Amino acid sequence: MTLFLLIVLVAVTLGLIGVAADGLGYLLAIGIVLLALDVIFFAIRLSRRAGRRPVR
C-alpha cells in the first residue's frame, strides 16, 4: 500500500510540474501513464487477493 501511495504522489507531482511549465508537457503525459498503470496494478492485486479466500 505504501508503494501505491508513493507512486500516486510521484504521478501527481509530475503532472503538476508538467502543467505549470509550458515546455514540459511530456511530464504531464508521464504522470498520467504512471497513475493509470498504478491503478491497474492495484486493481489486479486486489482481485487476485479476493479470489484466494475459501468459501465457508
Side-chain angles (χ1 to χ4, degrees):
M1 190 65 162
T2 304
L3 181 63
F4 173 76
L5 293 175
L6 178 67
I7 293 175
V8 168
L9 182 64
V10 168
V12 169
T13 304
L14 285 175
L16 289 175
I17 292 171
V19 170
D22 281 337
L24 299 177
Y26 66 93
L27 286 179
L28 177 61
I30 291 171
I32 291 170
V33 169
L34 186 62
L35 182 64
L37 289 175
D38 194 38
V39 169
I40 290 169
F41 175 74
F42 188 69
I44 290 172
R45 190 171 160 204
L46 265 179
S47 68
R48 286 185 182 173
R49 184 181 303 170
R52 291 186 181 171
R53 289 188 214 140
V55 178
R56 293 184 181 201

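Please read these numbers as outputs of a predicted model, since none were measured by experiment.
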Point-to-point distance, once rounded to the nearest 0.5 Å, from CG of L35 to CD1 of I40: 10.0 Å
If hydrophobic residues (ILVMFWY) are linked whenever their side-chain heavy atoms come closer than 4.5 Å, directly or via other members, who joins L9 in its cluster? none
Apart from V33 itself, members of its ILVMFWY cluster (side-chain separation under 4.5 Å) are L37
Consider only side-chain heavy atoms of I, L, V, M, F, W and Y, link residues closer than 4.5 Å, and tell whether L5 and L46 are in one cluster. yes
Would you compute the distance between atom CD1 of I7 and atom CG of D38 and round it to the nearest 0.5 angstrom? 4.5 Å
Are F42 and V12 grouped together when hydrophobic residues (ILVMFWY) are joined by side-chain heavy atoms under 4.5 angstrom apart? yes
Is V10 reachable from I17 through a run of I, L, V, M, F, W or Y residues, each pair having side-chain heavy atoms under 4.5 Å apart? yes
